[in-house]
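When a residue number appears, it is its place in the shown sequence, counting from 1.
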Amino acid sequence: MAHTGKADKRNMNGARMTIEALRREGVRHIFGLPGTTIMPLLDELYGHEQIRFISVRHEQTAAFMADGYSRAARDGDLGVCMASRGPGAANMAIGLHNAYAESIPVLALIGQVSGDIYYREAFEEMDLVKFFEPVTKWSIEIQRAERIPELLQRAVRTAREGRPRPVMVSIPFDLLEHEVGNPRFFRKFRFRPPVPAEEELTGALGMLAEAANPVILAGGGAKEASGELVRLAEALQIPVVTAWLRKDVFPNDHPLYAGTLGYGAFRTSERLVAEADVLFAVGCRFSEFTTKKWTLVGDRTRVIQLDIDPEEIGKIYIPEIGLQGDASLTLKAMAGFVERFGIDEQRLRERKEANRLRAEELARESALPPPSGRPPGLVPSRDLVHELQRVIDELSPLLVMDVPTFGVWAQRHLRINRPDSYFGCGAGSMGWGLPASMGIKLARPEEIVISVNGDGSFWMVAQDLETAVRENIPVINLVINNFSYGNTRDRQKNQFGGRYIGVFYENPDFAAYARLLGAYGERIESADELLPAIRRAIRSGKPAVLDIIQDRFEGLPEGLAPLGSAPRK
Ligand SMILES: Cc1ncc(C[n+]2csc(CCOP(=O)(O)OP(=O)(O)O)c2C)c(N)n1
């Protein structure tokens with residue numbers, strides 16, 4: 001083999017090499033569900049001191065947990081999910097689809113039938129490489145036990161480097177049992193994140209300094225660069241909008257915050273982008289919702305695009321300046337230059353004035369109507385958003401947003417000021433919220449983690465509340481219970497003449513269900529019960545479900561159509 005690696009003196013079978021390779025790469029958790037082809041791997045994890053195996057009740061949970069874990073892990077730790085061949089793998093697919101769409105690194109480790117019986121439609125056999133190709137950056141099956149460390153360690157690097165995305169590694173059963181003498185392991189290696197050259201940065205700064213109406217659009221890639229973004233925006237007095245669901249990349253109470261694009265965006269924010277002569281995009285993929293189906297950024301807008309992955313630069317808009325770089329390091333370097341760059345004082349004063357006027361306009365447009373004053377019984381979204389803001393201000397939690405219709409209220413009215421504290425499901429997978437929040441809690445156990453879910457979404461994964469109880473993962477789940485697939489209901493209302501089909505159903509008493517499983521449960525019929533109930537849930541030390549009862553016909557705020565819907569021809 002051309003690679004040089006350190007030989008381990010011991011003989012190891014494939015399963016031991018697999019777990020050892022992951023340990024060396026810093027993996028601390030594996031989420032999975034047992035099955036025949038991964039039995040040797042499970043046995044390796046028995047009593048393992050550094051890697052915790054968490055068994056789930058459905059493989060989609062394992063994948064979503066790995067996704068949440070990777071999003072929240074601070075030390076570059078990677079979420080790993082594990083399943084046995086065909087059926088388990090198929091169950092996992094939604095989680096990999098979600099992670100792929102959202103640029104989240106995840107390693108899916110999947111068992112496979114042994115090589116001696118492959119291609120005969122063996123029991124649960126499936127072409128895993130082909131199956132996962134569209135939802136992974138790299139999808140491979142290892143053919144020789146000796147190569148397990150090499151390929152697994154490379155898979156971990158592949159998932160993490162450049163645009164992060166999931167990878168799938170399948171290992172046939174016979175390889176896991178195959179003994180290898182003096183197996184070779186490799187150094188844990190990470191690329192140093194790139195920073196563009198000084199002249200590229202000063203070129204971009206020059207363009208931003210001279211622009212008439214510049215704007216910064218910050219996406220998920222800027223998640224760890226909030227402080228740098230603030231410094232740069234302040235130095236140049238440039239307003240910042242965030243990509244859809246990435247509210248936490250810029251403090252929402254900052255005078256230069258100009259709103260979040262995407263579904264439910266305010267006109268002020270959209271106009272700012274539409275009228276910009278220079279747009280500086282930082283770690284943003286110009287998604288369909290952020291760009292209003294790619295109509296928001298006009299031909300006359302000159303784009304500066306900063307992205308870690310050169311393949312992303314120019315994919316949607318051809319930039320005048322493309323900067324390949326890590327968002328934090330690059331913004332830090334830019335902010336450093338700008339301080340000695342000297343921007344025209346008169347221009348700075350003009351920008352300050354324009355920003356002040358726009359901030360007032362945005363404040364008027366985004367003002368939340370006062371609470372409804374309705375008697376207890378059903379909780380209007382408007383009241384809920386007021387109370388959720390109180391929860392955020394008082395408890396400073398990590399907030400995990402599944403895909404409820406309520407997300408529009410959150411997008412428009414919640415003020416998130418703490419960096420890296422808001423996790424939204426931009427790929428739209430129902431059922432992501434509970435498991436993702438479990439992964440997030442494991443990555444940051446010291447935090448209060450609150451997920452916000454529709455009742456339809458919650459019920460797709462509700463069995464894994466048992467996992468949260470058994471594994472002692474105390475996440476707090478708000479279930480916005482409107483006894484319907486609300487988003488779909490609203491489409492039928494707006495576009496199909498109110499002919500409701502397949503959107504209403506009955507639910508169990510979710511609070512009682514939670515208690516039945518050993519979790520904490522409460523029913524909420526008035527928004528002002530929310531904060532005290534969350535405090536009680538925290539005190540219980542258990543995973544919790546707060547069942548928030550809504551009117552099944554409440555629907556979206558006036559004038560907002562469901563996401564992605566267009567008038568019917
Ligand atoms: C796994 C999955 N299946 C179907 C959909 C399509 N879909 C999008 S939103 C929605 C309804 C969501 O209902 P619920 O979770 O109760 O939230 P609500 O809109 O009622 O707040 C559906 C069916 C989806 N996004 N994901």
Side-chain angles (χ1 to χ4, degrees), residues 58 60 94 97-98 244-245 262-265 288-289 292-293 368-369 371-385 388 401-413 424-434 451-463 465 477-514 523-527 530 545-569:
H58 189 299
Q60 70 169 321
I94 184 174
H97 162 263
N98 195 80
W244 186 55
L245 291 174
Y263 184 37
E288 176 183 342
F289 295 136
K292 265 192 141 175
K293 277 199 162 69
L368 181 61
S372 67
R374 283 244 304 257
L378 302 171
V379 183
S381 295
R382 168 175 152 190
D383 296 0
L384 191 59
V385 82
L388 194 53
M401 193 59 63
D402 192 273
V403 295
T405 296
F406 179 76
V408 182
W409 287 88
Q411 141 99 353
R412 286 165 77 83
H413 299 293
C425 182
S429 304
M430 289 172 71
W432 175 85
L434 163 66
S451 76
V452 183
N453 314 272
D455 51 327
S457 290
F458 179 73
W459 202 233
M460 280 188 177
V461 286
Q463 75 286 338
L465 190 60
N477 304 285
L478 312 186
V479 179
I480 313 223
N481 189 352
N482 54 17
F483 301 88
S484 61
Y485 294 130
N487 175 291
T488 328
R489 169 206 62 202
D490 286 352
R491 289 170 200 280
Q492 291 179 352
K493 180 174 153 201
N494 296 339
Q495 299 170 262
F496 295 88
R499 294 183 294 282
Y500 295 120
I501 172 168
V503 293
F504 292 113
Y505 44 70
E506 293 312 315
N507 281 322
D509 176 338
F510 287 129
Y513 169 79
R523 183 181 173 94
I524 306 273
E525 295 185 345
S526 174
L530 185 68
V545 175
L546 303 182
D547 185 12
I548 302 168
I549 308 299
Q550 287 205 316
D551 180 341
R552 67 173 72 209
F553 286 101
E554 185 195 277
L556 285 159
E558 196 66 23
L560 286 173
L563 201 58
S565 64
R568 221 171 154 228
K569 299 233 163 72

At their closest point, which heavy atom of [X] faces which heavy atom of [Y], and how far apart are they?
X: S484; Y: R489; answer: OG-NH1, 3.2 Å
X: Y485; Y: G502; answer: CD1-O, 3.5 Å
X: C425; Y: N98; answer: SG-OD1, 3.4 Å
X: Q550; Y: S381; answer: NE2-OG, 3.1 Å
X: L378; Y: P380; answer: O-CD, 3.3 Å
X: L384; Y: A527; answer: N-CB, 4.1 Å

Q. Listed by chain and number, what are the salt bridge (Lys or Arg N to Asp or Glu O under 4.0 Å) partners of R523, not counting sequence neighbours?
A. E525
Q) Excluding sequence neighbours, so at least two apart, what forms salt bridge (Lys or Arg N to Asp or Glu O under 4.0 Å) with R552? A) E506
Within-4.5 Å side-chain heavy-atom neighbours: [X] and [Y]:
X: F496; Y: I501; result: no
X: E554; Y: N482; result: no
X: F406; Y: L388; result: yes
X: I480; Y: F458; result: no
X: N507; Y: D547; result: no
X: F483; Y: I549; result: yes

Within this structure, what is the [atom1]-[atom2] distance for the pair [X] and [Y], rounded to the nearest 0.5 Å?
X: L546; Y: I524; atom1: CG; atom2: CD1; value: 5.0 Å
X: I548; Y: F510; atom1: CD1; atom2: CZ; value: 12.0 Å
X: H58; Y: I94; atom1: NE2; atom2: CD1; value: 8.5 Å

Q: For side chain to side chain contact (heavy atoms under 4.5 Å, CB included), just list the numbers for L530 and V379, CA-CA rounded to whole Å, side-chain angles, deciding distance to a tenth of an Å, and then say yes or no.
A: CA-CA 10 Å; L530 185 68; V379 183; over 6 Å; no
Please check: side-chain N/O of [X] versus main-chain N/O of [Y], any donor-acceptor pairing under 3.5 Å?
X: Q60; Y: V461; answer: no
X: Y513; Y: V545; answer: no
X: D402; Y: G433; answer: yes
X: N453; Y: V403; answer: no

Q.
Looking at H413, I want to see if its NE2 is surrounded by more than 12 non-hydrogen atoms of other residues, nucleotides or ligands under 6.0 Å.
A.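 More than 12 within 6.0 Å, yes.
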**Q.** Modelled atom types, side-chain donor and acceptor of T405 and N487, under 3.5 Å
**A.** no
Q | Contacts of D383 that satisfy side chain to side chain donor-acceptor pair (under 3.5 Å) - sequence neighbours left out | A |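 Per chain and number, D383 pairs via side chain to side chain donor-acceptor pair (under 3.5 Å) with S372.
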(Q) Run F553 and F504 through ring pair (Phe, Tyr, Trp, His ring centres under 6.0 Å) and show every step you take. (A) CA-CA 10 Å; F553 286 101; F504 292 113; 5.1 Å; yes
**Q.** Candidate pair L368 and W409, rule side chain to side chain contact (heavy atoms under 4.5 Å, CB included), full reasoning
**A.** CA-CA 9 Å; L368 181 61; W409 287 88; 3.9 Å; yes
